[in-house]
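The model shown is predicted, which means the values in this text are computed figures rather than measured ones. Residue numbers begin at 1 in each chain, while the letters A, B, ... track the order of the sequences.
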Amino acid sequence: MIASDTSLNHEYLPILGLPDFRANASRIALGDDSPAIKEGRVGGVQCLGGTGALRIGAEFLRRWYNGNNNTTTPVYISSPSWENHNSVFTDAGFKDIRTYRYWDPAKRGLDLQGLLEDMEAAPEFSIFILHACAHNPTGTDPTQEQWKQIATVMKRRFLFPFFDSAYQGFASGCLDRDAWAVRYFVAQGFELFCAQSFSKNFGLYNERVGNLSVVGKDANNVQRVLSQMEKIARTTWSNPPSQGARIVATTLTSPLLFAEWKDNVKTMADRVLLMRSELRSRLEDLGTPGTWSHITDQIGMFSFTGLNRPCSFLYVSLVTCPFLHCLLFSSCIGALQKLPAQLSKQVDYMIKEKHIYLMASGRINMCGLTTKNLDYVASSIHEAVTKI
Amino acid sequence: MGRARGVPVLRLRPRSARLCRQQPGKCARKPRLRLRVPAPRAMALLQPSRLLGAATSRRACLAPAAARSSSWWSHVEMGPPDPILGVTEAFRRDTNTKKMNLGVGAYRDDNGKPYVLNCVRKAEAQIAAKKMDKEYLPIAGLAEFNKASAELALGETSEVIKNGRYVTVQSISGTGSLRIGANFLQRFFKSSHDVYLPKPSWGNHTPIFRDAGLQLQAYRYYDPKTCGFDFSGALDDISKIPEKSIILFHACAHNPTGVDPRPEQWKELASVVKKRNLFVFFDMAYQGFASGDINRDAWAVRHFIEQGINIVLSQSYAKNMGLYGERVGAFTVICSDAEEAKRVESQLKILIRPMYSNPPINGARIASTILNSPDLRKEWLGEVKGMADRIIGMRTQLVSNLKKEGSSYNWQHITDQIGMFCFTGLKPEQGS
């Protein structure tokens, strides 16, 4: 449609981006029936991908949140998280970047207690980066009940929620389900930011399509916030690229295309879910040591395989009693029970011997699996765990 | 520090550098008293003073209703409209049929319409036919674009290119390129954090460098008496700039004055710059668009490099390829050798990744296709000359029309100046 529309040209977009894109992108995140949108207290800033949205949000917070140019406001990032989060907030000028507990390697799930404790202990007004869904890299999300607990603490402690939503629709296959946490926080009356990426759910990676949704108390506050974000955008990129935003806006405003897109998103999500269950069943059939339910419990693009992650209590045991090392190695708790010196060896083996490239943390991209390579990957993991 | 909402706050608000940054040239804000009306408080939640000061304990005392009714952003000022792009917004709002927008720097054809170059349309069709994927570009962008961009600026036979002693990264048009450069210098240029801009310069230069943490200074450039280049003033000022400071030059078609040094003047400028050991930042947003000849417009850049000055360079393809909204640009660092270039590149990538991860592909693919296909490149050079010629034609016609209207004023500067912009000599009140 865009290619054949000869009325279109390459003129500059406004600094804040394509109006249709901004409004509809925010609508996707917050819901068609969002009271916040109805009350006019939502704004959007078109940015260069999710990264750009995080950066504009971070630059704004450093200038205007919790005082003027307060670089000492603590910023909390989940442990672990996407590595670039730290750099974004550091380069935006924040001096006090901390982590909050998130991943429990022992039970290979969410460390809710640790998370809530860290929030209770955080200084008031601290900024918390929350993954809206499909946590990167662990693939482990809080349940709705757990999100409610998180919101309660954040409200009481006056903590600022900055959502990173890079996988809406892509995680569960359902846009609304993947946006539940963000919408819950809005319903609870929070002012928040949500950095949205359309790289994955629209497959528009290299077009750099993102939106920073701003939810405020009222329209007037949001208007002033946007006017200041405009100044930040002006000195970062002047105005955002038009191509990708046009594609998204066209899709979201056309009932036919919108339906087709939702279907495409579900297809992508379903394929990932299929790869998860297929990988898990192969590993279980092979009898690979360890339990592999985390592969299907986790959600989204990534899986924390457990390669390169020693069980925490085992690590302590190994340190205190090296003689137990042999016994513990044969137990089937996690995918890895390794002496620290051998930590990198399983991942190394995968890369060097099997030519399967994954992150040092053991994170794999489930999308890289296909029906054609599943067997090879499963057997390679099996070898890595049993031989190394 | 901590902001207590709904609490009486008597605050003497000092003038700050930040205010100047937000409103360039308008730093004269008086300190003011601000009184906020308190909201009802619940006493139950008294808490001891915390990290962020006593204000937070009052903050914690607020009843939930009062807390919800106030905003984190109450103190955020309304930012002024952008001085340049704000003119376009005002133009859009104007309902008069005779309106015209002579504000923003975007080319218009003889019907006053945006012009999409034929070579761009052809390139787009070629690209669409290939049905390429949408995978992320590398952080530094599209390699074939980067290489072609460097060759366009420096000339294909440049020794710098032959020796590989440069790095070019794709950027978000000219602004993004300047921003990367500014951040890079702030982080790695240890000798100085002072950037000398010509007086006047593009309005966005100042906030870009300032936001990157650098200080702005100026050297004389435009002579309002002659509406021309203040050559002696520039030389005088530049010869007094502290050594190893950063100096920015517009490579051609100076924005906003349209006043460029002549080649022999550029030679003297290069000589003084060398003597003072200054670090040179070239901003080239109009290569080809100024004179119609890409080599002529890049002459100053190439001359400085030939004089042994290792410059950094920002390029934009917004105007000369009409790719405005696609955000196509490049940032180049000339280095001592290829090994240094690799190290510089690695640091540029570390700067870019937390800003936007990697650049948008569409415009870079178009530009690369044009630059790397002989036919399209030839067509492009013809079209860019066409645009430049139309502008030069408009200048000539404007002057003759002014004379016809009976103006006795000397309008020669309109044709002496070059590029998209013209410093008319009109005073602000005449412009409104």
Side-chain angles (χ1 to χ4, degrees), chain A residues 3 9-15 47-52 55 63-70 72-73 84 87-92 123-125 158 160 189 191 199 203-208 216-218 221-225 227-228 230-232 234-244, chain B residues 1-3 16 18 22 50-52 56 59-60 67-79 82 85 89 104 106 114-116 120 124 128 134-137 172-176 179 204 207-208 211 318 322-327 350-351 353-363:
Chain A
N9 51 43
H10 293 288
E11 290 296 288
Y12 288 130
L13 284 181
I15 300 174
C47 296
L48 269 75
T51 305
R55 182 60 177 264
R63 285 163 171 73
W64 293 101
Y65 176 71
N66 198 24
N68 274 7
N69 202 33
N70 186 355
T72 65
T73 302
N84 208 19
S87 314
V88 169
F89 283 85
T90 302
D91 279 15
E124 289 182 329
F125 322 127
F158 303 111
F160 185 86
E191 291 186 300
S199 292
L204 286 172
Y205 306 91
N206 61 23
E207 303 285 356
R208 314 312 293 126
K217 282 287 182 261
D218 54 49
N221 273 295
V222 169
Q223 197 191 9
R224 281 179 284 109
V225 167
S227 75
Q228 293 297 342
E230 194 175 285
K231 294 167 66 62
I232 298 169
R234 182 51 159 149
T235 60
T236 312
W237 49 60
S238 271
N239 39 73
S242 51
Q243 177 83 337
Chain B
M1 298 282 254
R3 184 144 308 255
S16 71
R18 179 154 300 278
Q22 288 156 8
R50 291 180 185 277
L51 172 75
L52 298 165
T56 63
R59 175 74 177 78
R68 267 204 300 280
S69 68
S70 59
S71 167
W72 284 120
W73 317 124
S74 313
H75 66 298
V76 174
E77 298 157 14
M78 189 68 185
D82 185 85
L85 301 171
E89 282 171 38
V104 73
Y115 175 61
V116 179
V120 167
E124 284 177 305
K134 295 209 177 283
E135 291 296 282
Y136 286 129
L137 277 178
I172 315 299
S173 204
T175 300
R179 177 56 180 271
N204 209 19
I208 289 172
D211 274 12
L323 290 173
Y324 307 91
E326 303 294 338
R327 319 309 295 128
I350 289 171
L351 271 170
R353 174 59 160 155
M355 214 185 279
Y356 51 84
S357 280
N358 41 72
I361 195 168
N362 196 47

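- Interface residue B:Val116: only side-chain heavy atoms are found under 4.5 Å from chain A.
- B:Ser173 places no side-chain N or O within 3.5 Å of a backbone atom of B:Thr175 that could act as its donor or acceptor partner.
- Interface remark: B:Ser357 contributes backbone and side-chain atoms alike to the contact with chain A (heavy atom separation under 4.5 Å).
- Here A:Thr236 is the residue among A:Asn9, A:Val88, A:Thr90, A:Thr236 with the most heavy-atom pairs under 4.5 Å with chain B.
- Heavy-atom pairs under 4.5 Å with chain A peak, among B:Asn204, B:Ile172, B:Leu323, at B:Asn204.
- From A:Glu124, atom CD reaches atom OG1 of A:Thr73 across 12.5 Å, with rounding to the nearest 0.5 Å.
- With hydrogens and angles ignored, the 3.5 Å screen pairs a side-chain donor or acceptor of A:Arg208 with a backbone N or O of B:Asn358.
- At distances below 3.5 Å, not a single donor-acceptor pair connects side-chain atoms of A:Asp91 with backbone N or O atoms of B:Met355.
- Between the side chain of A:Gln243 and the backbone N or O of B:Glu326 there is no donor-acceptor pair closer than 3.5 Å.
- With a 4.5 angstrom heavy-atom cutoff, B:Ala128 does not touch chain A via any of its atoms.
- The most heavy-atom pairs under 4.5 Å with chain A, out of B:Leu137, B:Asp82, B:Val120, B:Ile350, come from B:Asp82.
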Open item on the list: side chain to side chain donor-acceptor pair (under 3.5 Å) for B:Arg327 and A:Asn239? Distances and angles first, verdict last.
Closed with: CA-CA 8 Å; B:Arg327 319 309 295 128; A:Asn239 39 73; 3.0 Å; yes
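- Contact of A:Phe89 with chain B is not made at all, since no heavy-atom distance falls under 4.5 Å.
- Counting heavy-atom pairs closer than 4.5 Å to chain B, the top-ranked of the candidates A:Ser87, A:Gly49, A:Gly52, A:Ser238 is A:Ser238.
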